[in-house]
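For ligands, and for the atoms within them, numbers begin at 1 and follow the listed sequence. Values reported hereafter were calculated over all heavy atoms of this structure, with side chains retained and with hydrogens, waters and symmetry mates removed.
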Amino acid sequence: MDTPLDFSYETRPGRVVFRPGAAVSATPGEVARLGLHRVLVVCGSRGEVTARAVADALGGQCAGLHAEARMHVPAEVAARAVEVAREIRADGCVAVGGGSAIGLGKAIALRTGLPLIAVPSTYSGSEMTPVWGLTEDGAKRTGRDLAVQPRSVVYDPELTLGLPVPLSVTSGVNALAHAVEALYAPDASPLVSLMAEEGVRAMTGALPAVAAAPGDLDARSRALYGAWLCGACLGATTMGLHHKLCHVLGGTFGLPHAETHTVVLPYVLAYNASAAPRAIATLSRALGTDDVPRALRELARGLGAPSTLAELGLEEADLAVAAAQAAGQAYPNPREVTAHGVLGLLTAAYEGWEPRVGS
Ligand code: NAD
């Protein structure tokens, strides 16, 4: 330790249950624990079968199922879900699915104050955070509010057995990005850093096994365990350049969420490395390598993930616009964020060059 310890850490309310089969076996108990009797179950259209199984297990505790979640929570989708919750006089909400379904549950909680239970089926980490997002007129707004933090999170690795390998890999790297940025966040703390290190170790260890055998419950459990820890890091700290840049690329240019995180992360890490030596040392330990940006890129590429922004549909002319947008906002980052610096980073990610530390 080269500098004296200096940190604040706040524990967040919320309970976690982690077990194969928990979506069906544990959710009714979590609903009862919160004293709820008429919950609305929300999910996306592709997650309806799973959500219906949860609703069936809830029996009389469930007052309705609403399968309208969409990526980035369009405002009209949120408004309709709030209307449904009011119509059926729901006293709580259970969101079953990925970040999109949980995002819709958060929108309901934000507007109505209803308690939220999350049953995640991807590695996005949204279930562990008080961060909400809403998209209106093509622009995504986000904010923090403890009212949207799920009161209980039910992790069931069996739900992730059918998560397609490409999405498992990119969603897993999305989780890694939370841990990476938590390690150099201004509000980092020793406990969060331990969670980040263990989260990275668990997720990077599990992903090759998940890709090789997507139905392997042990590999799925280790990946979901990593996702929990990385999500907890996201909930506890303030994110930097990587998350802002992905937000710009998704919000302004419509790039897909998890894939964008996957392509960009090694390049942001290379950009920030010289200003975040302790984060790099922790990641080196977790990954067993001296070249963390390269190892992350090779891991994702080796498992078939996209590796350039060009592949994701970004145009070369967009690079300067995205760089200016990402540099034009205020947020903490270990290294100064300049439009020139971000343009260099984005160009490398667009072309798929080897990420070079300090460039
Ligand atoms: P997603 O929820 O949109 O899911 C992606 C696709 O995978 C969907 O078609 C979904 O139906 C499908 N899917 C989900 N789970 C599945 C499963 N187990 N098996 C088969 N298919 C499955 O994507 P995501 O990456 O989980 O979430 C992205 C969204 O979450 C974005 O809007 C992002 O901004 C938000 N997010 C928010 C936070 C936060 O803290 N607020 C954190 C991370 C992500």
Legend entry - pair Leu65-Cys43: side-chain heavy atoms closer than 4.5 Å: yes

Inset, instruction - Output yes when a protein non-hydrogen atom is found under 4.0 Å of atom 31 (C) of ligand 1, and no otherwise. - result: yes

Answer yes or no for [X]: is there a heavy-atom contact with ligand 1 below 4.0 Å?
X      : result
His247 : no
Gly162 : yes
Arg70  : no

Among protein heavy atoms, which lies nearest [atom], and at what distance?
atom                    : value
atom 25 (O) of ligand 1 : His257 CD2, 4.0 Å
atom 38 (C) of ligand 1 : Ser126 CB, 3.4 Å
atom 11 (O) of ligand 1 : Arg46 CB, 3.3 Å
atom 13 (N) of ligand 1 : Leu163 CD1, 4.2 Å
atom 3 (O) of ligand 1  : Ser100 OG, 2.6 Å
atom 34 (O) of ligand 1 : Lys140 NZ, 2.6 Å

Using distance alone, decide if ligand 1 has a nitrogen or oxygen within less than 3.5 Å of any nitrogen or oxygen in [X].
X      : result
Trp132 : no
Ser121 : yes
Asn174 : no
Val131 : yes
Gly47  : no
Thr122 : yes

Could you see which bit of [X] sits under 4.0 Å from ligand 1, with heavy atoms only: side chain, backbone, both or neither?
X      : result
Leu234 : side chain
Leu167 : side chain
Thr129 : side chain
His72  : both

Any idea which atoms of ligand 1 are less than 4.0 Å away from a heavy-atom of [X]?
X      : result
Lys106 : 39 (C), 40 (O), 41 (N)
Gly98  : 2 (O), 26 (O)
Gly99  : 2 (O), 24 (P), 26 (O), 27 (O), 29 (C), 30 (O)

Pair [X] + [Y]: basic N to acidic O under 4.0 Å:
X      : Y      : result
Arg86  : Glu83  : no
Asp216 : Arg220 : no
Glu30  : Arg151 : no
Glu87  : Arg80  : yes

Inset, instruction - Test Arg294 against Thr289 for side chain to side chain donor-acceptor pair (under 3.5 Å), laying out the working first. - result: CA-CA 9 Å; Arg294 185 186 170 135; Thr289 175; over 6 Å; no

Legend entry - Ser25 side chain to Arg19 side chain, donor-acceptor N/O pair below 3.5 angstrom: yes

Legend entry - Qualifying residue, where the test is side-chain hydrogen bond (donor to acceptor under 3.5 Å, both in side chains) with Thr129 and the options are His178, Lys106, Gln149, Arg144: Lys106

Legend entry - Tyr350 vs Asp318, side-chain contact (heavy atoms from CB on, under 4.5 Å): CA-CA, chis, key distance, verdict: CA-CA 10 Å; Tyr350 177 83; Asp318 299 334; over 6 Å; no

Inset, instruction - Please confirm whether the backbone N or O of Gly240 pairs with a side-chain atom of Asn333, one donor and one acceptor, at under 3.5 Å? - result: no

Legend entry - Members sharing Leu116's hydrophobic cluster (side chains within less than 4.5 Å): none

Legend entry - Intermediate values then yes/no, side-chain contact (heavy atoms from CB on, under 4.5 Å), Gln329 and Val337: CA-CA 9 Å; Gln329 307 176 39; Val337 177; over 6 Å; no

Legend entry - Centroid-centroid distance, His257 to His261, less than 6.0 Å: yes

Inset, instruction - Only pairs at least two apart or in different chains count here, so list each ring pair (Phe, Tyr, Trp, His ring centres under 6.0 Å) that has a residue in residues 5-63. - result: Phe18-Tyr155

